[in-house]
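First up is the structure itself, then whatever we jot down about it.
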Amino acid sequence: MTLQQEIVGNAMQMVVVSLQPGQTVYCEAGKFLFKTTNVTMETRLGGPSDRGGQQQGGGSGGMGGLLRQAMGTAMQAGQRALAGESLAFQYFTSRGGEGTVGFAGVLPGEMRALELDGTRAWFAEKDAFVAAESTVDFGIAFQGGRTGMSGGEGFVLEKFTGRGTVVIAGAGNFIDLNPADFGGRIEVDTGCVVAFEEGIQYGVQRVGGLNRQGLMNTVFGGEGLSLATLEGNGRVILQSLTIEGLANALKKAQGGDKQGPTGGLFSTHAG
């Protein structure tokens with residue numbers, strides 16, 4: 001059953017979802033706006049796949065199935081807590097007819113509905129997730145190893161698998177790119193990456209070398225120490241506004257900007 005949704009608004013978009021009887025959509029806690037009275041709301045720690053395991057375990061797994069279910073839910077919640085994500089999901093199901101639910105992101109910007117066909121996963125920046133069909137699984141992907149070592153830091157991404165619609169949000173305006181159209185590789189500000197398809201290789205590299213120009217890029221260029229790299233053939237979504245840029249603009253407007261003329265390495269990014 002396809003999720004019927006409409007993204008409305010301009011500077012601060014929201015998504016209005018029309019649920020068929022018995023259809024369920026879930027969101028991260030804090031993204032819900034409104035619903036009709038025939039839509040039930042339930043808050044749970046587990047993801048949608050976790051719910052399926054509970055139904056099966058209750059019927060045939062006995063206490064062992066319930067224990068495995070509880071441990072799985074605890075591990076999922078622990079992963080999300082470690083990644084700085086919300087511990088709980090809110091589930092909305094239409095009862096007795098068609099229902100309507102509204103969701104929104106937390107920053108001024110665009111939203112995008114991604115359609116998963118079960119063949120490719122999607123990865124998104126932390127906090128990009130807004131809502132999804134119950135047939136879409138939400139997970140956490142820890143980007144470490146070579147990526148973390150080359151950039152001097154690790155990255156946490158949201159991972160969406162399964163079939164159905166997932167809605168994400170970002171800051172500012174979106175642009176869709178394919179690295180294959182630009183020689184197979186693009187380099188972007190680490191804060192501009194919103195989402196990308198499975199098959200795209202995501203990495204981090206330092207800005208310049210340990211030479212005069214490299215130091216100039218780092219200290220005065222406003223980009224800090226690292227750039228994100230995206231390689232391969234697939235869809236990439238970038239945003240025009242970074243959280244750091246928004247925070248610095250707000251501090252400057254309030255007379256509290258301590259960044260000065262240099263930016264980059266001396267940025268006072270709150271975080």
Side-chain angles (χ1 to χ4, degrees), residues 1-7 15-29 31-32 39-59 61 65 68-69 71-80 82-83 85-94 99 101 103 105 111-143 156-170 176 193-202 232-237:
M1 187 182 299
T2 302
L3 186 68
Q4 298 180 21
Q5 50 77 29
E6 180 184 6
I7 295 175
V15 60
V16 179
V17 177
S18 297
L19 293 176
Q20 300 303 308
Q23 191 174 23
T24 298
V25 64
Y26 69 101
C27 74
E28 190 176 46
K31 305 295 178 69
F32 163 72
V39 174
T40 62
M41 179 172 65
E42 178 186 5
T43 301
R44 301 202 321 269
L45 295 179
S49 59
D50 191 40
R51 179 168 192 159
Q54 184 176 12
Q55 291 170 341
Q56 294 173 5
R68 287 192 298 270
Q69 179 64 30
M71 292 179 63
T73 300
M75 289 181 63
Q76 288 182 22
Q79 270 195 333
R80 293 197 297 272
L82 185 62
E85 299 277 358
S86 171
L87 285 177
F89 293 118
Q90 292 178 304
Y91 291 78
F92 302 85
T93 304
S94 180
V101 190
F103 306 100
M111 304 182 75
R112 187 67 54 85
L114 307 175
E115 299 296 333
L116 278 65
D117 62 5
T119 62
R120 272 191 174 190
W122 269 88
F123 296 89
E125 67 166 347
K126 191 168 70 71
D127 296 328
F129 173 68
V130 175
E133 287 184 82
S134 58
T135 52
V136 174
D137 290 329
F138 175 100
I140 299 295
F142 294 95
Q143 297 289 318
V156 177
L157 298 172
E158 298 174 335
K159 182 179 181 180
F160 309 106
T161 55
R163 294 177 179 270
T165 305
V166 57
V167 180
I168 60 173
D176 290 69
V193 180
V194 179
F196 54 91
E197 284 184 298
E198 185 177 23
I200 293 293
Q201 296 179 10
Y202 175 66
N233 184 7
R235 187 175 167 192
V236 172
I237 302 175

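Of all non-hydrogen atoms in Val25 and Ala132, the two that sit nearest each other are CG2-O, 3.0 Å. For the residue pair Val130 and Cys27, the shortest heavy atom distance occurs at O-CB, 3.0 Å. Shortest non-hydrogen contact noted between Ala121 and Thr161 is CB-CG2, 3.7 Å. Contact detail for Lys159 and Ala141: the closest heavy-atom pair is CB-CB, 4.4 Å.
The CD atom of Gln90 sits 10.0 Å away from the CD atom of Glu28 when rounded to the nearest 0.5 Å. Atom CZ of residue Phe89 and atom CD of residue Glu42 lie 13.5 Å apart, to the nearest 0.5 angstrom. Note that CD1 of Ile237 and CG of Leu114 are 5.0 Å apart. Values are rounded to the nearest 0.5 Å. We find the NZ-CE distance between Lys31 and Met111 to be 8.0 Å, quoted to the nearest 0.5 Å. Taking CG from Leu157 and CH2 from Trp122, the interatomic distance works out to 13.0 Å, rounded to the nearest 0.5 Å. Of the inter-residue distances, the one linking Thr165 atom OG1 with Leu116 atom CG reads 8.5 Å to the nearest 0.5 angstrom.
Panel note: side chain Glu6, backbone Val16; no donor-acceptor pair is recorded below 3.5 Å. Between the side chain of Glu158 and the main chain of Asp127, a donor-acceptor pair closer than 3.5 Å is present.
Here the two rings, on Tyr202 and Phe123, have centers that are 6.0 Å apart or farther.
In this view, Arg163 satisfies the salt bridge (Lys or Arg N to Asp or Glu O under 4.0 Å) rule with no residue, not counting sequence neighbours.
Classified by interplanar angle (parallel below 30°, tilted 30° to 60°, perpendicular above 60°), the ring pair Tyr26/Tyr91 is parallel. Taking the six-membered ring where the residue is Trp, Phe32 and Phe92 present parallel rings, their angle staying beneath 30° rather than reaching 60°.
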Let's go through Val156 and Ile140 carefully: what are the C-alpha distance in whole Å and the side-chain angles of both, what is the deciding distance for side chain to side chain contact (heavy atoms under 4.5 Å, CB included) to 0.1 Å, and is it a yes or a no? CA-CA 7 Å; Val156 177; Ile140 299 295; 3.8 Å; yes

Arg112 and Ile168: CA distance, side-chain angles, deciding distance, side chain to side chain contact (heavy atoms under 4.5 Å, CB included) verdict: CA-CA 5 Å; Arg112 187 67 54 85; Ile168 60 173; 4.1 Å; yes

